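Just the heavy atoms: all of them, side chains too, but no hydrogens, waters or symmetry mates, feed the values below. Bear in mind that the values here come from a model prediction, so they are computed numbers and not experimental data. Lettering follows sequence order; numbering is per chain, from 1.
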Protein chains: 2
Amino acid sequence: MTEHELQQTLRDRGQRVTPQRILIHRAIGELDRHASAEEVLARVSESLPNAALPTVYATLELFEELGMVRRVSTGVGPTLWDPRTDDHQHTVCRSCGAVEDLDVGIDAERLLRAARRGGFRADSAELLVGGLCARCAH
Amino acid sequence: MTEHELQQTLRDRGQRVTPQRILIHRAIGELDRHASAEEVLARVSESLPNAALPTVYATLELFEELGMVRRVSTGVGPTLWDPRTDDHQHTVCRSCGAVEDLDVGIDAERLLRAARRGGFRADSAELLVGGLCARCAH
DNA sequence: CTTTTTGCAAATGATTTGCATTAAC
DNA sequence: GTTAATGCAAATCATTTGCAAAAAG
């Protein structure tokens, strides 16, 4: 999503276009990797020194809702936010917490359909492959 | 794994058979559902009032290593521990955090193989379908 | 008797909440 | 002007750590 599309989307939703939102959007694009809220804040702080963590958290959640980022909760270390929203999965190192992309398709539609059978309103499927990264495995 | 097998396994590994470990094993079997460390402690406390949370955490991790439980980190609420270790997946309600079993096979071997290509020592694959449970969706 | 395991208290890390102030619209 | 969004401080929640005491082998 471009900066302009973001502005349009926010206006369409009756939400405000703030410098924080624009800069967080830009920071995510520039970091271009799985980043924690803290890391996003650090980047944003370069241009907006008073930016606050709660704002970053709220904004990342908003962006997730807009389909602009994917949340990756691994259980080891903080939640990471992924700027890639296309179909791909992740590996997670149990030791150092490193998250890497795994370009393997899963039939998400089939899984969502199965989940919906029980009345569950499914909207996403996240697959994590756990183990030890090359470095931590020695 | 039976209680007797657990005792044998611990001895084989040179680890000690303690009442805490036996009772936590029993509690997991009795609860027979996705339970948090706190919930396991509550159950264990019925028979061992002084049991402590750090012991429960350490023991659940040990049991995970022994393949007796599966860790389910959802990012909403505490980590849950699943006594079912056969091939199945989970749904997670983004609103209330409820975790339910999803009996859909995924070709885990294929995923692990793909993950290993990059030198990653993969050993598990966890799939979470996110959305809203029937209750939270209205 | 040696070493692991436990319980307790305190620390840590991540995230969320309350609320007065600021700034979009 | 109104209302949403922000920043700050403090609270909360889950988990981990340090360490002395207890207990398994």
Thinking salt bridges, do Asp82(B) and Arg33(B) make one under a 4.0 Å N-O criterion?
-> no

Is a side-chain N or O of Gln89(B) found less than 3.5 angstrom from the main chain of Leu128(B), in a donor-acceptor match?
-> no

For the pair Arg13(A) and Glu65(A), find out whether any cationic side-chain nitrogen is under 4.0 Å from an anionic carboxylate oxygen.
-> yes

Can you check the Ile24(B) CD1 to dT6(C) P distance for me, whole Å?
-> 7 Å

What is the distance, rounded to the nearest whole Å, between atom CG of Leu10(A) and atom P of dA5(D)?
-> 9 Å

Is a side-chain donor or acceptor of Glu30(A) paired with a backbone partner of Ala27(A) at a separation under 3.5 angstrom?
-> no

Is the phosphate of dT5(C), meaning OP1 or OP2, less than 4.0 Å from a side-chain N or O of Arg21(B)?
-> yes

Stepwise side chain to side chain donor-acceptor pair (under 3.5 Å) test for Asp103(A) and His88(A) | CA-CA 5 Å; Asp103(A) 283 297; His88(A) 71 283; 5.4 Å; no

May I ask you to evaluate whether Gln20(B) reaches the phosphate of dG7(C), defined as a side-chain N or O under 4.0 Å from OP1 or OP2?
-> yes

Report which part of the nucleic acid Leu48(A) touches: base, sugar-phosphate, or nothing (heavy-atom distance under 4.0 Å, all strands).
-> sugar-phosphate

Taking Arg70(B) for the side chain and Asp86(B) for the main chain, is one N or O donor matched with an acceptor at less than 3.5 Å?
-> yes

Rounded to the nearest Å, what distance is computed from the CD atom of residue Gln7(B) to the P atom of nucleotide dA24(D)?
-> 12 Å

Counting heavy atoms from C-beta on, name the nucleotide in dC25(C), dT17(D), dG7(D) closest to the side chain of Pro54(B).
-> dT17(D)

Rounded distance (Å) that lies between atom P of dT4(C) and atom CZ of Arg13(B) = 14 Å

Per the end-axis method with five pairs at each terminus, what is the bend angle of the helix from dC1(C)-dG25(D) to dC25(C)-dG1(D), to 10°?
-> 30°

Does dT15(D) have OP1 or OP2 sitting under 4.0 Å from an N or O in the side chain of Tyr57(B)?
-> yes

Just how far, in rounded Å, is P of dT15(C) from CG of Leu62(A)?
-> 17 Å

CG of Leu60(A) versus P of dT16(C): gap in Å, rounded?
-> 11 Å

Per atom distances to the Pro19(B) side chain, the nearest of dC8(D), dA24(D), dG7(C) is dA24(D)

Just compare dG7(D), dT15(D), dA14(C) and give me whichever is closest to any side-chain atom of Thr79(B).
-> dT15(D)

Find the distance His25(A):NE2 to dA5(D):C1' and express it as a whole number of Å.
-> 19 Å

Could you check whether Ala58(A) gets within reach of a base, just the sugar-phosphate, or nothing at all, counting any heavy atom under 4.0 Å?
-> nothing

Using heavy atoms to find the nearest nucleotide of DNA chain D for Arg11(B) and Leu80(B) separately, return the residue whose nucleotide is more 5′.
-> Leu80(B)

Of the candidates dG7(C), dC25(C), dA14(D), the side chain of Arg16(A) sits closest to dC25(C)

Is the closest basic N to carboxylate O distance between Arg84(B) and Asp32(B) below 4.0 Å?
-> no

When Gln15(B) and Asn50(B) are each assigned the nearest nucleotide of DNA chain C, the 5'-most assignment goes to Gln15(B)

From CG of Leu41(A) across to P of dA14(C) the rounded distance in Å is 13 Å

Check the hydrophobic clustering (I, L, V, M, F, W, Y; side-chain heavy atoms under 4.5 Å; chains of links allowed) and say if Leu112(B) and Val92(A) are grouped together.
-> no

Under 4.0 Å: is that the gap between some side-chain N or O of Ser36(B) and OP1 or OP2 of dA14(D)?
-> no

Check whether any side-chain N or O of Thr18(B) sits under 4.0 Å from OP1 or OP2 of dA24(D), and answer yes or no.
-> no

